[in-house]
Amino acid sequence: PACFKAFCYYSIYARIFSSQNVADRDYIEYWAQGQLLARHADPFNSAAVLHVQQAAGLHSEGARISFSPPVALWSTLPLGYVNAGTGMGFWLAAQLASLSIALWLMWILNGRPASRWHLLGYLFAPVIACEMSGQLSIFFLLCLVLFLFFHKTQPFWAGALLMPFALKPHLVLPFAVVLLVWAVTRRCYALLAGAAVALAANCALSLLIDPQAWPQYRQMMETSGVMQAFIPAIPVAIRFAIDRSARWIQFVPEVCACAWALWYFWTRRERWEWEHHGMLVLLVAAICAPYGWFFDESILLPAVLAGLYRALENRRSLLPLAAIAAIALAEPVAGVKLDTYYYLWTPVAWLGWYVYATHKKAGDAESSVSPA
């Protein structure tokens, strides 16, 4: 049944994507990058990127370039050998396969409950937004879930599976800081070795594909003006409210989040569980990330589903989650642009839901699954 639902889900979305609208999605950034890599051209050159994207149907006068560092250029290289529409079909299929595997693993991590609440993950609003835009966050979600699934039994591979987060490290920095300290205190050096080997291998492969990748990337970032644009992240909103020219302001919340995460871990280090305590750190990291979009909240799905199952165990109402999820889903479906203030509330809402669902009432014994 899950495979059938996933197939139906894919069929609906595959019908939406056509050669006429593929160029209007963020996916075109990765496709254009692959096209230029296949031609041994500069994948970060705005003029070259714009030329390729306009040939695929982009009507904008400005190029859409990925700001992810060239750690895994090899992953976009295959898109250089197919047209935009065909590549979008494969991209969407990979997204849905990744989401289906992640949901299945989350079901196992939550004790294989008889219910199928985890299938609601197909309708998780950030996931829908990620698919609509053709972004990377669903792949990050799968890597995170695989880490949670394997970190006890296969620490080397669990560490290696976190490598894709090197593309957007700012999304999980407090989580990563705690992971580093946890690995050292537990002497789990295999996990750190796996992460280091995977990162080194990906960097080497990317340099093999494009030896000038890092200088090209640095030049692009210096002229991109990405820090001048408004992004619907709480630290960015704080900076714009105080002094939009003071870029350092939007990094202060993440520094505070890292400090809090270290305190939170250290006071619970003897009973730390990534499936439970780590979820709270992940939610706080999402709120304090200095740069992030609504679709990046796809990685919060394990925390949202964990809260759902804990709420059922604690006999808490699911109405708060239903309201949050419905309003969040209505925004991208209704066509609300992702670069507006209307998406600032969602990270706080997911955190509020998780705390509500897992918090034990006064007088109750502390639950083994509660992060408190």
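Start at 1 with the first residue, then count along the sequence. Remember, predicted model here, so these are calculated numbers, not experimental data. Keep in mind that the numbers below use all heavy atoms, side chains included, and drop hydrogens, waters and symmetry copies.
- For Y342, the OH atom sits in a loose shell: 12 or fewer heavy atoms of surrounding residues, nucleotides or ligands are nearer than 6.0 Å.
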| Test ring-ring contact (aromatic ring centres under 6.0 Å, His included) applied to F251 and W248, step by step | CA-CA 5 Å; F251 295 94; W248 61 269; 9.8 Å; no
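- Under the 4.5 Å side-chain heavy-atom criterion for ILVMFWY residues, a single connected hydrophobic cluster contains both I327 and V336.
- Checking side-chain atoms of R186 against main-chain N and O of V184 turns up no donor-acceptor pair under 3.5 Å.
- At distances below 3.5 Å, not a single donor-acceptor pair connects side-chain atoms of S98 with backbone N or O atoms of F139.
- Contact between A257 and P174 at its shortest, heavy atoms only, is CB-CG, 3.8 Å.
- Between F175 and W274, the ring-plane angle classifies as tilted under the 30° and 60° cut-offs.
- Rounding to the nearest 0.5 Å places CG of L92 at 9.5 Å from CZ of R25.
- Clustering ILVMFWY residues whenever any of their side-chain heavy atoms sit less than 4.5 angstrom apart, transitively, puts F156 in a cluster other than the one holding L179.
- Separation of atoms CG (L180) and SG (C188) is listed at 11.5 Å; rounding is to 0.5 Å.
- The shortest distance between side-chain heavy atoms of W31 and V52 falls below 4.5 Å.
- With contacts defined as side-chain heavy-atom distances shorter than 4.5 Å, the pair F44/V49 does not qualify.
- Within the 4.5 Å cutoff, the side chain of Q33 has heavy atoms near those of the L73 side chain.
- The CE atom of M279 sits 11.5 Å away from the CZ atom of R310 when rounded to the nearest 0.5 Å.
- Looking at V172 and L144, their side chains never come closer than 4.5 Å, going by heavy atoms from C-beta outward.
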| said: Apply side chain to side chain contact (heavy atoms under 4.5 Å, CB included) to residues L36 and N45 and explain how you reach the verdict. | reply: CA-CA 9 Å; L36 292 172; N45 182 282; 5.8 Å; no
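- A heavy-atom distance below 4.5 Å is not found between the side chains of H51 and Q35.
- The shortest non-hydrogen separation linking V236 to P290 is CG2-O, 3.3 Å.
- Inter-residue side-chain proximity for L351 and V355 is flagged as met; some heavy-atom pair is nearer than 4.5 Å.
- Tracing side-chain contacts under 4.5 Å through hydrophobic residues (I, L, V, M, F, W, Y), one reaches V252 starting from I238; they form part of the same cluster.
- A cation-pi geometry, defined here as NZ or CZ lying under 6.0 Å from the six-membered ring centre and within 45° of its normal, does not hold between R269 and W272.
- No donor-acceptor pair under 3.5 Å is formed between the side chain of R316 and the backbone N or O of T358.
- The residue from W91, Y30, Y27 that alone fulfils the side chain to side chain donor-acceptor pair (under 3.5 Å) condition with Q135 is Y30.
- Between S298 and F140 the shortest side-chain heavy-atom distance does not fall below 4.5 Å.
- Separating the CG atom in L148 from the CG atom in L109 is a distance of 6.0 Å, to the nearest 0.5 Å.
- Scanning both residues, A72 and S75, for their nearest heavy atoms gives O-OG, 2.7 Å.
- Side-chain atoms of W353 and L318, non-hydrogen and from C-beta on, do get closer than 4.5 Å to each other.
- For the pair D296 (side chain) and W293 (backbone), a donor-acceptor distance under 3.5 Å is present.
- Note: Y291 and H170 have perpendicular aromatic rings, judged against thresholds of 30 and 60 degrees for the angle between ring planes.
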| Step-by-step side chain to side chain contact (heavy atoms under 4.5 Å, CB included) determination, I101 to L105 | CA-CA 6 Å; I101 295 171; L105 293 176; 4.0 Å; yes
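- Between I231 atom CD1 and T340 atom OG1 the span is 13.0 Å, to the nearest 0.5 Å.
- Residues Y309 and W117 keep their aromatic ring centres 6.0 Å or farther apart.
- Under the 30°/60° scheme for interplanar angles, the aromatic rings of Y264 and W260 are found to lie parallel.
- Screening F294, F124, W345, Y356 for a ring pair (Phe, Tyr, Trp, His ring centres under 6.0 Å) with W350, the sole residue that qualifies is F124.
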| said: Let's go through E273 and K152 carefully: what are the C-alpha distance in whole Å and the side-chain angles of both, what is the deciding distance for salt bridge (charged side-chain N to carboxylate O under 4.0 Å, His left out) to 0.1 Å, and is it a yes or a no? | reply: CA-CA 10 Å; E273 293 288 342; K152 292 180 181 178; 3.2 Å; yes
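- When every heavy atom of Q250 is checked against every heavy atom of R239, the shortest pair comes out as OE1-NH1, 2.6 Å.
- Environment of CH2 in W157: sparse, with no more than 12 heavy atoms of neighbouring residues, nucleotides or ligands closer than 6.0 Å.
- Enclosure of atom CH2 in W104 is not indicated, since only 12 or fewer non-hydrogen atoms of other residues, nucleotides or ligands lie within 6.0 angstrom.
- Listed for the D339 side chain is no donor-acceptor partner under 3.5 Å among the backbone atoms of F230.
- No path of Ile, Leu, Val, Met, Phe, Trp and Tyr side chains, each step under 4.5 Å between heavy atoms, connects V22 with L50, placing them in separate hydrophobic clusters.
- With S206 contributing its side chain and P70 its backbone, the two residues share a donor-acceptor pair below 3.5 Å.
- Annotation: the span from L146 atom CG to Q154 atom CD amounts to 12.0 Å, rounded to 0.5 Å.
- Hydrophobic clustering of Ile, Leu, Val, Met, Phe, Trp and Tyr side chains at less than 4.5 Å, counting indirect connections, keeps I65 apart from L58.
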| message | Working note: E29 + F67, criterion side chain to side chain contact (heavy atoms under 4.5 Å, CB included); need CA distance, chi angles, decisive distance, verdict. | response | CA-CA 9 Å; E29 301 172 2; F67 297 116; over 6 Å; no
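- Nearest heavy atoms, A56 versus A84: CB-CB, 4.2 Å.
- Counting only distance, with no hydrogens or angles, the side chain of Y341 and the backbone of A237 share no donor-acceptor pair below 3.5 Å.
- Of all heavy-atom pairs spanning P232 and L338, the tightest one is CG-O, 2.8 Å.
- Between the side chains of T346 and E297, at least one donor N or O lies within less than 3.5 Å of an accepting N or O.
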| query | Going through the checks in order, is the side chain to side chain contact (heavy atoms under 4.5 Å, CB included) test met by V71 and M163? | reply | CA-CA 9 Å; V71 175; M163 192 288 307; 3.7 Å; yes
